[in-house]
Amino acid sequence: QVLLTESGGGSVQAGGSLRLSCAAVGRAFSSYGMGWFRQAPGKEREFVAAIDRSGEVPYYSDSVRGRSTISRDNIKNTMTLQMNNLNPEDTAIYYCAANRDGRGPRLRETYAYWGQGTQVTVSS
């Protein structure tokens, strides 16, 4: 089992940046694929970005590709998502998630563990 805690959310103006962090407590962090999902009011939770167990292969949704960078540190048991050029459509609660075997990194149902989320609000 792994416990996940997000931080780094906040309120920014359009065009600004935020760096979201996810801290993991538990065994064998490096055995989990990790991902970020977000959920806006009235919408389904959607994939944002993911990274494989080694930290070498990132995955991005079309909506954030080119302006976001995902990374992880398997020594510190952390994952980060740097988001730039934010726009109001990025407003959502952002969740960190852990995937036991790294398969299906874009699929919500493959993630067994979830954090409580951190709010990101982007104003125009």
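From a predicted model like this one, the values you see are computed outputs, not experimental measurements. Sequence positions, counted from 1, serve as the residue numbers for this chain.
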(message) Suppose the criterion is salt bridge (charged side-chain N to carboxylate O under 4.0 Å, His left out): which pairs have a residue in residues 64-87, not counting sequence neighbours?
(response) Asp62-Arg65, Arg67-Asp90
(message) Within the structure provided, determine whether Glu6 and Trp36 are in side-chain contact (heavy-atom separation under 4.5 Å).
(response) yes
(request) Side-chain contact test, heavy atoms from C-beta onward, threshold under 4.5 Å: evaluate it for Thr110 versus Arg103 and give yes or no. (result) no
(message) Between Cys22 and Tyr95, is there a side-chain heavy-atom distance shorter than 4.5 Å?
(response) no
(request) Taking all non-hydrogen atoms of both residues into account, name the closest pair between Leu20 and Thr118 and its distance. (result) CD2-CG2, 4.2 Å
(message) Nearest 0.5 angstrom please: Met34 CE to Thr78 OG1, how far?
(response) 9.5 Å
(message) With heavy-atom distances below 4.5 Å as the criterion, would you say the side chains of Met83 and Tyr94 are in contact?
(response) yes
(message) Is there a side-chain contact between Glu89 and Ser63 in this structure, where contact means two heavy atoms from C-beta onward sitting under 4.5 Å apart?
(response) no
Side-chain atoms of residues 39-50: list all donor-acceptor pairs with protein atoms under 3.5 Å, sequence neighbours left out, distances to 0.1 Å.
from, atom 1, to, atom 2, distance (Å)
Gln39, OE1, Arg45, NE, 3.3
Gln39, OE1, Arg45, NH2, 3.4
Gln39, NE2, Lys43, O, 3.1
Glu46, OE2, Arg38, NE, 2.7
Glu46, OE2, Arg38, NH2, 3.2

(request) Output the distance between atom OH (Tyr32) and atom CG (Asn77), rounded to the nearest 0.5 Å. (result) 10.5 Å
(message) Keeping Thr121 on the side-chain end and Thr91 on the backbone end, is there a donor-acceptor pair under 3.5 Å?
(response) no
(message) What I want to check is whether the side chains of Ser71 and Thr80 have a donor and an acceptor closer together than 3.5 Å.
(response) yes
